[in-house]
Peer 1: 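Below: one structure in structure tokens.
Numbered from 1 within each chain, the chains take letters A, B, ... in sequence-line order.
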There are 2 protein chains.
Amino acid sequence: MGRQPSAKPTSFDIAYLAGVSQPTVSRALRGSRSVSAATRANIERIARELNYTVDKNASSLRSQRTHTLALLFFEDPTPDQSMINPFFLSMLGSITRQCALRGYDLLISFQQMHNDWHVAYQDSHRSDGIILLGYGDYQLYRSKLEHLVEMDTKFVRWGSVSDDNIGLTVGSDNVGAGMQAGRHLLEIGRRTIAFLGDASDHAPEFQDRYAGLCRAMEAAGLSPDPALQRDAVSSEESGHAAARALLASGRPFDAIFAASDLIAIGAMRALTEAGLRLPHDVAIIGFDDIPAANLTSPTLTTVMQDMKSAGELLVDALLRRLDDLPVERAVLPTRLIKRQSTAV
Amino acid sequence: MGRQPSAKPTSFDIAYLAGVSQPTVSRALRGSRSVSAATRANIERIARELNYTVDKNASSLRSQRTHTLALLFFEDPTPDQSMINPFFLSMLGSITRQCALRGYDLLISFQQMHNDWHVAYQDSHRSDGIILLGYGDYQLYRSKLEHLVEMDTKFVRWGSVSDDNIGLTVGSDNVGAGMQAGRHLLEIGRRTIAFLGDASDHAPEFQDRYAGLCRAMEAAGLSPDPALQRDAVSSEESGHAAARALLASGRPFDAIFAASDLIAIGAMRALTEAGLRLPHDVAIIGFDDIPAANLTSPTLTTVMQDMKSAGELLVDALLRRLDDLPVERAVLPTRLIKRQSTAV
DNA sequence: CGCCATAGGGTATACGTATACGCATAATAT
DNA sequence: ATATTATGCGTATACGTATACCCTATGGCG
């Protein structure tokens, strides 16, 4: 079995070749100022030649810092495993890139909501901090957050910034986004606007979007009709069902603001099936700007969240928190993407 | 700063409380047979009470096993950062779950193709093995693979199983899938079938799909027209351009097999713009079954890859490889999803 | 009744790095 | 010129676990 052409080089090997002690190698490579420029250059050269890389485990063990962040994605226990919220992908990409930029590794794990909270805590063992993306039942989620705070685990989360704010939160300006959507619908002359999305405190983000819509309507002298709000979770089926229920109720409406694109897409199907013309009879706005929003017919007007900044802010906030730097919750502006579904 | 209600417990703490030595704790928790059932039970109880978890770094350092897999996603340097291949998401979900099931952590990182190969090797420092998902220029990718083999790094990759096969490969049966698609188009009476997708050896998977199509046609006594094959990478724009070029060539055709759904969607747009009716004038089949395939009009017939099994097989193969167990390349069957775009 | 195997667990140490300290030498200050 | 401080580096050790090795007590066997 005689292979092992070059066992993994250690800092001792470098030290030997450079004629210095191992700690000096460590200092040189970590950028300590108490190493002369010449020595450092020499050490760096040798390290490069040997293709040396610092052993992550040893380093972490000694320094008690892993230089790794964990991304926990909480999801509802759904039978349909494959259908993950599409907008999560761009968030993931953004977070990954930002981690790489900051020299951090990213550990990722999908968690079922019902899992024991200490799973998350355990992860804190392998990472310096945690980024939480949570969907589904907020109450369940919330109790986990409280545990994390108790354990003094460092974390940031993506979500509604205007809620009770356990821990450090980064999120879109959902109220503002709701107002954007509402104003746009009002501008094109719509007056009876329905909202599809859970408006209970189980889903603070949806709640905020609805609140924004209401505020826009009130600013225009209209009073939102509570009967035109229908609960829906973020899925096509749910949107379809909610829209059908709305139609069945007989209440007239000339516009829909859906709390997510998936809901909107389901609703569009229901409306079309009912023989309504979009956007002539009913204008519709979604939320997220998933790729599919540009493929529906008519194409879907929607509110885009700034995922790129979101990832950057999440990582940045967490790293600041790790360094005990002051850090505040962040609210990201959104952008209205006008397409055919609101083109009068 | 007097907090620190409970410093992280170590195996020594457990040992003390259990009245045994630290190594016994280690043995008990790792399931060594040389510790009595009573002692083990006692140790496990105490560990649970103290909320003890094994320190990953110390454990890895000592045992030289990280119990972590790295997922490297190679992508072309594209300016459009947000548009990651959508099918990657379900793969990711599948891999994550499988890792969790097997007790492995998953480290994830997006790599630009042009990055130095040893970035990947470096990752092998932090993980026991690597899962590679690669897209874009295969030649570039290939040289990296060779380096990995040289370094004796353990890895598996997703891709074309029928190519030169550097390292261990898991992939869909692309040739078979091409035949499925071809046969379906022939069944509905189409005879002149175009193929949109790079058929060079820069993209072995696309090449295989085209080969499958050709085989199906030849089996029906038809000879594929090379002029009806147009290069395209997996994006809507590329599909759109390829379809336009095809139309501009003046060659008649009554069906298109696109190497990916994104290509198909772009092509559909081009065809519709040219006043063609789908599927009456031109039937079209895509590949991947991304969520958007069900939203186009007409809805898109496509070939679905079994992502769930894919993730499972990738992880399983890699773990077997780590244990030096025999392991073979795997080929996954695909499934044709019939929708409106081929409904005659 | 001596011999050896086995169970059960202790002792010592290695994994590779980072850091507290100490100690020279050199550079300033007084 | 002496006292002081900074520079540059070596010495010693800790981080928490896993494992090679050794030891004791027991039981089975001839």
Peer 1: Between P on D:dG16 and CG on B:Leu29, what's the gap in Å once rounded to a whole number?
Peer 2: 16 Å
Peer 1: Both B:Leu61 and B:Arg40 contact DNA chain C. Taking the nearest nucleotide for each, which residue is further toward the 5' end?
Peer 2: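 It is B:Arg40, whose closest nucleotide lies nearer the 5' terminus.
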Peer 1: With a 4.5 Å limit on heavy-atom distance, are the side chains of B:Met91 and B:Leu133 in contact?
Peer 2: yes
Peer 1: Mind checking B:Val20 for me? I need base, sugar-phosphate or nothing, with any heavy atom below 4.0 Å counting as a touch.
Peer 2: sugar-phosphate
Peer 1: Give each protein N/O atom lying under 3.5 Å from an N/O atom of nucleotides 17-19 of chain C, with the pair distance.
Peer 2:
from	atom 1	to	atom 2	distance (Å)
C:dT17	OP1	A:Tyr52	OH	2.4
C:dT17	OP2	A:Ser11	N	2.6
C:dT17	OP2	A:Ser11	OG	2.6
C:dA18	OP1	A:Ser59	OG	3.1
C:dA18	OP2	A:Ser26	OG	2.7
C:dA18	N7	A:Gln22	NE2	3.2
C:dA18	N6	A:Gln22	OE1	3.0
C:dA18	N3	A:Arg62	NH1	2.5
C:dT19	OP2	A:Arg30	NH1	3.4
C:dT19	O4'	A:Arg62	NH2	3.4

Peer 1: Would you kindly give the CD1-to-P distance between B:Ile14 and C:dG10, to the nearest whole Å?
Peer 2: 15 Å
Peer 1: Mapping B:Gln64 and B:Ser21 onto DNA chain C by nearest heavy atom, which one lands closer to the 5' end?
Peer 2: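 Final value for this comparison: B:Ser21.
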Peer 1: State which residues pass side chain to side chain donor-acceptor pair (under 3.5 Å) with B:Gln305; sequence neighbours excluded, sorted by chain then number.
Peer 2: B:Ser172, B:Asp288
Peer 1: Checking A:Thr24 now: which residues fulfil side chain to side chain contact (heavy atoms under 4.5 Å, CB included) with it, not counting sequence neighbours?
Peer 2: A:Val20, A:Ser21, A:Arg27, A:Val35, A:Thr39, A:Ile43
Peer 1: Between the opening five pairs and the closing five pairs of the helix from C:dC1-D:dG30 to C:dT30-D:dA1, how far apart are the helix axes, to 10°?
Peer 2: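 Taking the rotation axis at each end, their angle is 40°.
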Peer 1: When the distance from CZ of A:Arg65 to P of C:dG16 is rounded to whole Å, what number comes out?
Peer 2: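 Rounded to whole Å, this separation is 24 Å.
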Peer 1: Among residues two or more places apart or on two chains, list those pairs meeting ring pair (Phe, Tyr, Trp, His ring centres under 6.0 Å) that have a residue in residues 306-330 of chain A.
Peer 2: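 Counting only pairs at least two positions apart or across chains, no ring pair (Phe, Tyr, Trp, His ring centres under 6.0 Å) contact touches residues 306-330 of chain A.
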Peer 1: Tell me, please, which residues at least two apart from A:Tyr16 pass side chain to side chain contact (heavy atoms under 4.5 Å, CB included).
Peer 2: none
Peer 1: Below 3.5 Å is the cut-off: list the nitrogen or oxygen pairs between protein and nucleotides 26-28 of chain C, distance only.
Peer 2:
none

Peer 1: Look at A:Asp128 together with A:Lys154 and state whether they make a salt bridge at an N to O cut-off of under 4.0 Å.
Peer 2: no
Peer 1: According to side chain to side chain donor-acceptor pair (under 3.5 Å), who are the partners of A:Thr68, at least two apart in sequence or on a separate chain?
Peer 2: A:Lys56
Peer 1: With B:Leu319, which residues qualify under side chain to side chain contact (heavy atoms under 4.5 Å, CB included), at least two apart?
Peer 2: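 Counting only residues at least two positions away or on another chain, B:Leu319 forms a side chain to side chain contact (heavy atoms under 4.5 Å, CB included) with B:Leu69, B:Arg102, B:Tyr104, B:Val315, B:Leu322.
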Peer 1: Who passes side chain to side chain contact (heavy atoms under 4.5 Å, CB included) against B:Leu325, sequence neighbours left out?
Peer 2: B:Arg320, B:Asp323
Peer 1: Does anything in residues 35-46 of chain A pair up under salt bridge (charged side-chain N to carboxylate O under 4.0 Å, His left out), and if so which pairs, sequence neighbours excluded?
Peer 2: A:Arg45-A:Glu49
Peer 1: If the condition is side chain to side chain donor-acceptor pair (under 3.5 Å), which residues does B:Ser309 pass it with, not counting sequence neighbours?
Peer 2: B:Asp306
Peer 1: Rounded to whole Å, please give me the gap between CG in B:Asp13 and P in D:dG16.
Peer 2: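 That distance rounds to 9 Å.
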